[in-house]
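One is the number of the first residue; the rest follow in order along the sequence.
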Amino acid sequence: MKILIIENEVYLAQSIATKLGEIGHVCEMCTSTKDAIRSNNYDVVLLSTNINGQDFIPVIETFKSSIIILMISYISNDTVSKPLAAGAKDYILKPFMIEELIRKINHYQDYEKLKRRTAAYEKYLTHTFLNTQHEKSLDNVELPLFVSSSFQKYSDAFAFEYAQKNDLPIHFITLSNSKSLAEVELLPQNTLIYIIDFQVLKKGDKKHFCDLIAKKQVIISSTDKIDNEEIAHPILEIKNDNNVFDKGEILPIEDYVKFIVLNYQDKYPDTELSKKLGISRKSLWEKRKKYDIIKKK
């Protein structure tokens, strides 16, 4: 990282720069705020608030996109409270161990990475679910809730929209993972748990699963129709027989095959359905087994 050290104690600044340089950082130094604001291309700014007669607010505004850590000799409104309110991230009290400074730098670097990653994910999800709608109101949703939809994306959109509306952290689990039930049991109450692939559970495991989620905030997704007699919790069915293709969406091949089998296996005999998909009847049987799709007789 590129680090700017604003410190009028030259020996201290050189000592910090040397130690940070030893672990791969590129450091530059200056002794006044006027010199500091000539450039703003830094990942981290170490700002000493002990420089007499200097206004630190323009420095903080200049480097608002950088990680600003205050280096202070004492705690006061001017050395800590005002700079933090203006946008500085943290402070460290002199004299300090260089390891503590490095820990703070790494902490805020990781934090900024997570912020950027989260923003990218949210932007991607907003784009992905742009044309995905459901009629269920999010105001009076009773959890645990089972969501049945032949296309996974519709259930995903509902779960992520609910988490965003209620400002809840979301924890994702797929029941295709053999350790998923143990994971569900350990999760805290204040987390929204989104679980997919309910259709892969064996009938004997479904009761145990329902017991595990009874007092948790859980949305469970299934691409098969859910039997009301097996589930004591509310069930939401999102119908989308033609929506996927009406909206011009291009599906991955696996999703396309799954969608066609789920929605058209009752309309065509296996011979004709496999022919339309360009696969053999054996392959069609293997697809059903893979997706745990049961053909109604």
Side-chain angles (χ1 to χ4, degrees), residues 125 128-129 131-177 180-185 187-247 249 251 255 258-267 288-297:
L125 289 174
T128 300
F129 299 143
N131 295 319
T132 306
Q133 299 177 347
H134 55 81
E135 297 179 355
K136 177 70 174 179
S137 171
L138 295 172
D139 294 329
N140 299 304
V141 173
E142 182 182 346
L143 301 182
L145 174 69
F146 284 78
V147 179
S148 172
S149 175
S150 58
F151 190 43
Q152 183 67 55
K153 183 176 176 181
Y154 285 77
S155 299
D156 295 345
F158 178 87
F160 280 93
E161 185 181 345
Y162 180 87
Q164 185 177 40
K165 179 178 175 61
N166 292 278
D167 194 25
L168 287 170
I170 188 166
H171 192 99
F172 173 79
I173 296 175
T174 170
L175 292 173
S176 60
N177 186 329
S180 57
L181 293 182
E183 189 177 357
V184 172
E185 191 170 11
L187 287 174
Q189 297 280 2
N190 62 343
T191 298
L192 176 65
I193 310 169
Y194 178 45
I195 304 174
I196 69 168
D197 296 327
F198 178 72
Q199 71 279 355
V200 307
L201 280 186
K202 295 178 181 178
K203 191 171 183 179
D205 292 331
K206 289 183 177 179
K207 184 181 184 308
H208 174 56
F209 175 78
C210 289
D211 291 340
L212 285 178
I213 66 168
K215 296 182 180 181
K216 295 182 183 290
Q217 298 188 82
V218 189
I219 295 175
I220 307 97
S221 167
S222 174
T223 52
D224 286 351
K225 189 174 179 63
I226 300 171
D227 188 348
N228 290 24
E229 296 181 0
E230 292 182 331
I231 305 301
H233 302 292
I235 299 173
L236 168 65
E237 185 175 359
I238 301 177
K239 297 181 179 179
N240 48 69
D241 288 345
N242 298 313
N243 289 353
V244 175
F245 298 106
D246 288 346
K247 292 173 182 175
E249 182 154 358
L251 301 178
D255 284 349
K258 183 178 181 180
F259 181 87
I260 295 298
V261 174
L262 278 168
N263 288 277
Y264 293 94
Q265 65 176 352
D266 298 325
K267 299 177 183 179
R288 282 201 183 97
K289 185 176 180 182
K290 178 180 178 180
Y291 301 130
D292 198 23
I293 299 173
I294 300 174
K295 183 178 181 181
K296 296 178 182 177
K297 296 182 179 179

Polar side-chain atom of [X] near backbone of [Y] as donor-acceptor pair, under 3.5 Å:
X	Y	result
Ser148	Asp224	yes
Lys216	Leu187	yes
Ser149	Phe151	yes

What distance separates [X] [atom1] from [Y] [atom2], expressed to the nearest 0.5 Å?
X	Y	atom1	atom2	value
Leu175	Leu181	CG	CG	6.5 Å
Ile195	Glu183	CD1	CD	8.5 Å
Ile193	Ser180	CD1	OG	11.5 Å
Ile213	His208	CD1	NE2	11.0 Å
Ile170	Gln164	CD1	CD	10.5 Å
Asn177	Asp197	CG	CG	10.5 Å

Minimal non-hydrogen separation, Phe198 against Ile220, with atom names: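 Residues Phe198 and Ile220, closest heavy atoms: CB-CG2, 3.7 Å.
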side-chain contact (heavy atoms from CB on, under 4.5 Å) for Leu236 and Ile219? Distances and angles first, verdict last. CA-CA 10 Å; Leu236 168 65; Ile219 295 175; over 6 Å; no
List the residues meeting salt bridge (Lys or Arg N to Asp or Glu O under 4.0 Å) with Glu237, not counting sequence neighbours, and say none if there are none.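 Result, salt bridge (Lys or Arg N to Asp or Glu O under 4.0 Å) vs Glu237: Lys225.
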Which label fits His233 and Phe146: parallel for a plane angle under 30°, tilted from 30 to 60°, or perpendicular past 60°?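 Parallel: the ring planes of His233 and Phe146 meet at under 30°.
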Mutual orientation of the aromatic rings belonging to Phe160 and Tyr194 [parallel < 30°, tilted 30-60°, perpendicular > 60°]: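 Rings of Phe160 and Tyr194: perpendicular, as their planes differ by over 60°.
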Do the side chains of Val147 and Tyr162 get nearer than 4.5 Å, heavy atoms only?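 No, side chains not in contact.
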Crowded around Gln199 CD? As in, over 12 foreign heavy atoms under 6.0 Å?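 Result for CD/Gln199: enclosed.
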Determine whether more than 12 heavy atoms belonging to other residues, nucleotides or ligands lie under 6.0 Å from atom CG of Asp211.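 Counting neighbours around CG of Asp211, more than 12 heavy atoms of other residues, nucleotides or ligands fall under 6.0 Å, so yes.
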Using the side-chain contact (heavy atoms from CB on, under 4.5 Å) rule, take Asn166 and Leu192 through it: C-alpha gap first, then chi angles, then the decisive distance, then the call. CA-CA 9 Å; Asn166 292 278; Leu192 176 65; over 6 Å; no
